[in-house]
Amino acid sequence: MSLDDYKQLTFSRHDHGVLLITIDRPEKYNAADEEMHGELARVWTDVAADEQTRVAVITGAGRAFSAGGDLAMVERMAGDYDRVSHMLGEMSDLVYNIINCDKPIVSAINGIAVGAGTVAALLADIAIAAEDAKIGDGHVKLGVAAGDHAAIIWPLLAGMAKARYYLLTGEMITGAEAERIGMVAKALPRDQVLDEALRVAGALATGPQQAIRLTKRALNGWLRAAGPIFDQSAAYEMLTFLGPDVVEGCAALRDKRPPRFPSAQP
């Protein structure tokens with residue numbers, strides 16, 4: 001694994017083979033542009049292949065985990081078939097590379113987690129969130145179907161009623177509420193989140209490696225079985241990137257005004 005190949009993810013090694021991965025674009029609240037999205041997709045295959053790593057911890061630099069997709073990237077995608085097609089493949093890589101990584105992944109959700117950031121945050125094997133973190137999937141508020149990871153994991157974590165509510169409305173939830181409904185394993189004061197994630201990672205790294213990895217593989221069978229649901233949701237998201245609502249969603253977000261989606265007009 002060559003850590004030098006990454007520009008928007010930084011790495012530090014800790015005892016017992018714990019690798020800390022930091023989403024490192026704090027000036028943009030770690031929002032994902034094309035480069036970061038690609039790095040988030042491929043890093044998990046490098047983690048799996050890295051002989052020095054037993055457990056990965058992922059967090060965000062500064063006060064955010066990741067504030068979703070960079071608006072400029074979203075605007076470049078809208079109506080662009082080639083970009084949308086590329087993103088569909090990369091989105092699939094991101095989800096399935098996390099699921100298929102044989103090593104445990106712990107997320108330290110230190111702040112807002114939206115969009116691509118939420119993929120890594122919630123598909124991690126153990127998610128630890130700040131009590132005041134804001135977590136959500138705001139695709140519908142932008143005018144696109146909830147793709148990324150939401151359809152494959154939210155119903156398993158929180159149940160169908162909660163998944164339907166949050167994915168159809170695009171409302172955010174706090175880390176404390178996410179713990180209450182089963183979206184994350186733990187919610188703690190913000191200044192304790194990374195330390196606890198590293199503690200948990202250390203325990204995993206010094207435990208029986210084959211037993212832990214095979215347990216992860218078995219549990220992720222639930223996600224593999226739901227793979228067709230994810231594939232459908234991802235295709236629907238990319239389809240709606242080719243429609244008019246996302247153009248208005250982007251414009252409204254940039255202008256800081258309520259959107260007037262064409263599909264909702266008389």
Side-chain angles (χ1 to χ4, degrees), residues 1-14 16-25 30 32-61 65-66 69 73 83 85-109 113 115-127 147-153 197-198 200-201 204-205 209-231 233-235 237-238:
M1 176 179 180
S2 176
L3 306 185
D4 295 334
D5 292 341
Y6 291 84
K7 305 303 181 186
Q8 299 196 29
L9 301 179
T10 57
F11 305 86
S12 62
R13 296 193 183 274
H14 294 249
H16 310 298
V18 173
L19 179 68
L20 176 61
I21 304 169
T22 301
I23 305 171
D24 196 6
R25 199 186 180 205
N30 303 321
D33 60 7
E34 290 92 341
E35 182 175 49
M36 182 188 293
H37 197 276
E39 292 186 1
L40 282 170
R42 76 174 188 268
V43 69
W44 309 109
T45 57
D46 284 339
V47 166
D50 182 35
E51 295 181 355
Q52 298 181 62
T53 297
R54 295 180 184 176
V55 181
V57 176
I58 184 164
T59 194
F65 186 84
S66 177
M73 178 186 73
R83 287 181 184 271
S85 296
H86 173 79
M87 185 60 68
L88 178 60
E90 198 167 82
M91 184 195 315
S92 297
D93 289 342
L94 172 55
V95 168
Y96 287 122
N97 286 348
I98 293 175
I99 292 171
N100 293 326
C101 179
D102 63 333
K103 298 168 183 177
I105 301 166
V106 180
S107 62
I109 308 170
T118 321
V119 181
L122 296 183
L123 282 178
D125 302 295
I126 297 175
D148 280 355
H149 69 302
I152 194 173
I153 190 67
L198 290 170
V200 170
L204 293 171
Q209 295 303 289
Q210 186 179 30
I212 290 170
R213 294 180 188 186
L214 291 179
T215 299
K216 167 177 176 165
R217 182 183 298 178
L219 288 169
N220 278 357
W222 290 98
L223 298 177
R224 294 186 188 92
I229 296 172
F230 162 71
D231 294 339
S233 71
E237 179 186 352
M238 295 300 100

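Quick note: residue numbers are just sequence positions, from 1. These values consider heavy atoms only, across backbone and side chains, with no hydrogens, waters or symmetry-generated copies.
No more than 12 heavy atoms of other residues, nucleotides or ligands sit less than 6.0 Å from atom CZ of Arg217.
Looking only at side-chain heavy atoms (C-beta outward), Ile105 and Trp44 come within less than 4.5 Å of each other. Looking only at side-chain heavy atoms (C-beta outward), Leu20 and Val57 come within less than 4.5 Å of each other. When side chains are defined from C-beta on, His149 does not count as touching Ile98, because their heavy atoms never get closer than 4.5 Å. At least one side-chain heavy atom of Met91 sits under 4.5 Å from a side-chain heavy atom of Asp148. Side-chain contact between Met87 and Met73 is present, with heavy atoms from C-beta onward closer than 4.5 Å. Between Leu223 and Leu123, the closest side-chain pair of non-hydrogen atoms falls below 4.5 Å. Using a 4.5 Å cut-off on side-chain heavy atoms (C-beta onward), Ile99 and Ile152 make contact. Between Val119 and Leu40, the closest side-chain pair of non-hydrogen atoms is not below 4.5 Å.
Proximity of a side-chain donor or acceptor of Thr118 to a complementary backbone N or O of Ala113 within less than 3.5 Å is detected. Of the possible polar contacts, one joining the Lys216 side chain to the Cys101 backbone as a donor-acceptor pair under 3.5 Å is found. Side chain of Ser66 to backbone of Asn30: a donor-acceptor contact under 3.5 angstrom is found. A donor-acceptor contact shorter than 3.5 Å is absent between the side chain of Gln8 and the backbone of Glu35.
Considering CD of Gln209 and CZ of Arg54, their distance stands at 5.0 Å, rounded to 0.5 Å. Within the model, atoms CZ of Arg224 and CG of Asn100 stand 5.0 Å from one another, a figure rounded to the nearest 0.5 Å. Distance check, rounded to the nearest 0.5 Å: OH of Tyr6 to CG of Asp46 gives 3.5 Å. A distance of 9.0 Å separates CG of Asp125 from OG of Ser107, quoted to the nearest 0.5 Å.
Remark: of the listed residues Val106, Val200, Leu198, Leu204, Leu198 is the sole one forming a side chain to side chain contact (heavy atoms under 4.5 Å, CB included) with Val18.
Residues passing the side chain to side chain contact (heavy atoms under 4.5 Å, CB included) test with Asp24, sequence neighbours excluded: Thr10, Pro26, Ala61.
Taking both residues in full, the closest heavy atoms of Glu39 and Leu9 are given as OE1-N, 3.2 Å, listed atom of the first, atom of the second, then distance. Across all non-hydrogen atoms, the minimal contact from Thr22 to Gly60 is CG2-C, 3.9 Å. Scanning both residues, Thr53 and Arg13, for their nearest heavy atoms gives OG1-NH1, 3.3 Å. Looking at every heavy atom in both residues, Ala197 comes nearest to Ala108 through CB-CB, 3.7 Å. Heavy-atom minimum distance, Val55 versus Ala205: CG2-N, 3.6 Å.
Residue pairs that meet the side-chain hydrogen bond (donor to acceptor under 3.5 Å, both in side chains) test with at least one member in residues 87-99, sequence neighbours left out, are His37-Glu90, His86-Glu90, Tyr96-Asp231.
The pair Asp50-Lys103 does not meet the salt-bridge criterion, since no charged nitrogen lies less than 4.0 angstrom from a carboxylate oxygen.
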